[in-house]
Each structure stands twice: as structure tokens, then as C-alpha cells.
Amino acid sequence: MTLTTRFAPSPTGPLHLGHAYSALLAHDLARAAGGRFLLRIEDIDHTRSRPEWEAQIHDDLRWLGISWDATPLRQSDRLARYHAVLDDLWARGWIYPCTCRRRDIQAAASAPQEGADPVFGPDGLIYPGTCRSRPRGPDAPLPDDCALRLDMGRVARDLGFDETGQTPRHVQVAAADLISGVGDIVLSRRDFPGSYHLSVVLDDADQGVTHVVRGADLFEATQIHVLLQQILGLPTPVYHHHRLIRDDSGKRLAKRDDARAIATYRADGATPGDIRAMVGLARV
Ligand code: GLU
Ligand code: ZN
């Protein structure tokens, strides 16, 4: 299979040096291997995504010398795909509706009768299971006005993940670790069919991505993605987590840190080679 990498920014602000580093690494890897480099616009959060930012992303990447080998995939064009997978998971009884608000979850997770401190997994606070007994598929109709959670215990049982970590597929993960260490993650949000985790896994599979190059800040999320690939029967790409680009005070660059936006450096007369040097890559 052709080595395929991707860059998957969210059009919610300007690209900064950290994005440039990630995109250049993924692009250089594909070019050095004679492979493919793809672009994906992660505009799942339609309240924060803007077409102007998407246009600016294209412009900044081209200026950096980055070219992509297919029409960029836009998540907002893929709702039918996410819906179809959710329908399938619903029919299996693997997802259930959840109407909890963040503060309900916090309160339930730290309730005195639970005895222990709230537990955090790769997706934040482990969901305490408040809504797990709500009506679910295939008998109940799929609701479209609330979040949908993956019932990790049910999935572990149905797929035969056991306590020794032997699984029917190749990744070894113990059922207890899934249930207590990851919990019932959200696969669909109230206002959008899909979640970051579901869409990224389906998009990488559908785009034929073989190598994911992403920041070390997504290391925990990667655990969830590998797990979802197991559950959905999708291939697992090779993951490379790169170091994060920090400012002089050691703080990670945030998207609204306009001072470090690629566009700002461009306006100040920097060249693409200067940007490469700033993130520690050799000039080409
Ligand atoms: N779109 C996300 C971001 O901008 C994630 C990219 C990924 O999944 O690697 O950080
Ligand atoms: Zn709930």
C-alpha cells in the first residue's frame, strides 16, 4: 500500500508554527517515500469553523511549499458516512443516548457513595454510566437530539475482549482496562452526528492514511482511536507523535496566539525556509 500521510487542521484560527511543523513533517515523510500527502479540513465544530480560516490554511500551506494529492476532505461533507456508522452501532446495541451535562457527570463521578476520587481516562473524566440503562437499539428508535455513548462493557463482551487481554484482533487490551480506564466515550454529539474520535478514525480509514503524524498532545487520543479501529474493524495506521513547538517561556502555542501565526511571519518578510529553520527542520 502506498505510504499516505495527512494534515488535518481545524479551520478555527490561523495556523501557527506548531501546525507548520506537523504539516511539514507529514509532507516530507510522504515525499521522501514517494507516497501521498492528503489534506483534511476538520470542521466538525461548525460553531467555531470559518471558511476564511479554511482559505487561509490552503494559502499558508501552499506558501510553505506543501502540495496535496487529492481534493481535501471536509468533515462537514461526511455527515452521511458518520450517520451510517452510528446507525450500525445503534442496531448492535453498542451505543446509548446520554443527556448528561458536563456538570452532572462531574457531580456523579465525585459523589460520596462512589467512595473513590473521580477517575480520568484518555478522554477526560470516566463517564459514571448514569444513562446506560436508557432504551437503546435495535428496538428503540435512534434519537437525534442527544449525545450517544459507546457502551464499553457491552462491546468488550460482544467482541470477546477478556481479562487476560487476549482479543479476537491483534491489539491486546484487557476488558477491565477498557471499562475502567477509558469508559463510555461519546461517539455522537447532540448537535452533530459524530464526534472528533469517530470522525478522525473513519476519515483516516477512508482516505487510506497509513501513517499519522500528529503532536504529542494527541498521544492519549490515539489510544482511543486504536481502540475504535478494533471495534469498527478498521486498519490501524502507524502513529508518529512529534514534539510540541513551544514559545520562549515553554508554553505550548495556542491557536489564538496570533503573534506566532504563519501569516504574521509572512507579513514580517520571513521565507518558508525561515519557518522550517524555526521549527528545527532543514531548509530544502
Ligand atoms: N484537527 C485536530 C487538530 O487540529 C487533530 C488532528 C489529528 O487528528 O491528528 O489538532
Ligand atoms: Zn448521561
Side-chain angles (χ1 to χ4, degrees), residues 4-23 25-27 29 37-46 48-49 53-54 57 60-61 72-76 78 95-109 122-123 125-136 143 145-152 183-190 194-207 209 211-226 228-229 236-242 244-245 252-256:
T4 304
T5 65
R6 48 75 160 179
F7 178 56
S10 304
T12 54
L15 294 186
H16 56 62
L17 283 181
H19 292 112
Y21 183 54
S22 210
L25 278 181
H27 185 255
L29 175 65
F37 172 81
L38 304 175
L39 179 61
R40 178 164 79 232
I41 301 298
E42 301 213 320
D43 58 351
I44 187 169
D45 183 349
H46 57 88
R48 291 168 59 228
S49 299
W53 292 126
E54 187 176 330
I57 287 169
D60 283 343
L61 292 177
L73 196 76
R74 203 185 280 125
Q75 288 187 329
S76 56
R78 306 232 323 135
I95 50 179
Y96 61 85
C98 172
T99 51
C100 298
R101 284 161 304 174
R102 191 180 293 267
R103 75 179 116 93
D104 301 330
I105 298 173
Q106 274 160 352
D123 205 30
L125 205 55
I126 304 281
Y127 181 64
T130 321
C131 292
R132 207 176 284 138
S133 58
R134 282 176 183 272
R136 60 168 86 177
D145 58 351
C146 58
L148 299 168
R149 286 186 181 273
L150 186 64
D151 185 339
M152 211 55 100
D184 294 358
I185 56 170
V186 170
L187 286 195
S188 183
R189 308 233 163 246
R190 187 169 55 82
S195 66
Y196 164 65
H197 297 310
L198 182 68
S199 53
V200 83
V201 158
L202 292 173
D203 296 346
D204 281 337
D206 293 351
Q207 287 190 291
V209 172
H211 290 65
V212 173
V213 176
R214 55 163 52 148
D217 54 329
L218 290 174
F219 187 78
E220 301 251 277
T222 297
Q223 295 177 40
I224 292 181
H225 300 164
V226 173
L228 285 178
Q229 286 147 8
T236 291
V238 174
Y239 285 93
H240 169 70
H241 298 94
H242 60 72
L244 300 176
I245 303 294
R252 185 152 73 81
L253 293 179
K255 271 197 185 149
R256 44 197 155 317

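Residue numbers start at 1 and run along the sequence shown. Every number for a ligand or one of its atoms is a count from 1 in the order of the listing. Everything quoted here is computed from the prediction, not taken from an experiment.
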Can Arg6 be said to touch ligand 1, with heavy atoms closer than 4.0 Å?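 Arg6: in contact with ligand 1 (<4.0 Å).
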Under-2.8 Å protein N/O/S neighbours of the Zn ion (ligand 2), ordered by chain then residue number: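 Correct list: Cys98 SG, Cys100 SG, Tyr127 OH, Cys131 SG.
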For Pro97 versus Cys146, what's the shortest heavy-atom pair and its separation?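 Closest approach of Pro97 to Cys146: CB-SG, 3.5 Å.
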For Asp145 and Arg190, work out which heavy atoms get closest and say how close.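 For Asp145 versus Arg190, the nearest heavy atoms are O-CG, 3.2 Å.
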Would you mind telling me if ligand 1 is within reach of the side chain of Val212, the backbone, both or neither, using heavy atoms under 4.0 Å?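 Near ligand 1, Val212 shows nothing, with every heavy atom at 4.0 Å or more.
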Residue [X] vicinity, atoms of ligand 1 by number, heavy atom under 4.0 Å:
{"X": "Val200", "result": "8 (O)"}
{"X": "Tyr196", "result": "5 (C), 7 (C), 8 (O)"}
{"X": "Ser10", "result": "1 (N), 4 (O)"}
{"X": "Glu42", "result": "1 (N), 2 (C), 5 (C), 6 (C)"}
{"X": "Arg214", "result": "7 (C), 8 (O), 9 (O)"}

Steps toward salt bridge (charged side-chain N to carboxylate O under 4.0 Å, His left out) verdict (Asp43, Arg48): CA-CA 8 Å; Asp43 58 351; Arg48 291 168 59 228; over 6 Å; no
Listed by chain and number, what are the side chain to side chain donor-acceptor pair (under 3.5 Å) partners of Thr5, not counting sequence neighbours?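 Side chain to side chain donor-acceptor pair (under 3.5 Å) check on Thr5 returns nothing, list empty.
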Pair Phe7-Leu61, side-chain contact (heavy atoms from CB on, under 4.5 Å): steps then yes or no: CA-CA 10 Å; Phe7 178 56; Leu61 292 177; 4.0 Å; yes
Please determine, by modelled atom types, if His27 and Arg6 share a side-chain donor-acceptor pair under 3.5 angstrom.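 Result is no, nothing qualifies.
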Testing the 3.5 Å rule here: is there a donor-acceptor pair between the side chains of Thr222 and Arg214?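 Side-chain D/A pair, Thr222 to Arg214: present.
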So is [X] polar-close to ligand 1, meaning N/O to N/O under 3.5 Å?
{"X": "His19", "answer": "no"}
{"X": "Arg40", "answer": "no"}
{"X": "Ala8", "answer": "yes"}

Where does the angle between the aromatic ring planes of His241 and Tyr239 fall among parallel (under 30°), tilted (30 to 60°) and perpendicular (over 60°)?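 The rings of His241 and Tyr239 lie parallel, inter-plane angle below 30°.
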Determine whether the aromatic ring centres of Tyr196 and His225 lie less than 6.0 Å apart.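 When the ring centroids of Tyr196 and His225 are compared, they turn out to be within the sub-6.0 Å range.
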Evaluate the side-chain hydrogen bond (donor to acceptor under 3.5 Å, both in side chains) criterion for residues Ser22 and His242: first the C-alpha distance (whole Å), next the side-chain angles of each, then the deciding distance (0.1 Å), finally the verdict. CA-CA 8 Å; Ser22 210; His242 60 72; 2.7 Å; yes
Does the pair Arg74 and Glu42 meet the rule for a salt bridge (charged side-chain N to carboxylate O under 4.0 Å, His left out), with working shown? CA-CA 6 Å; Arg74 203 185 280 125; Glu42 301 213 320; over 6 Å; no
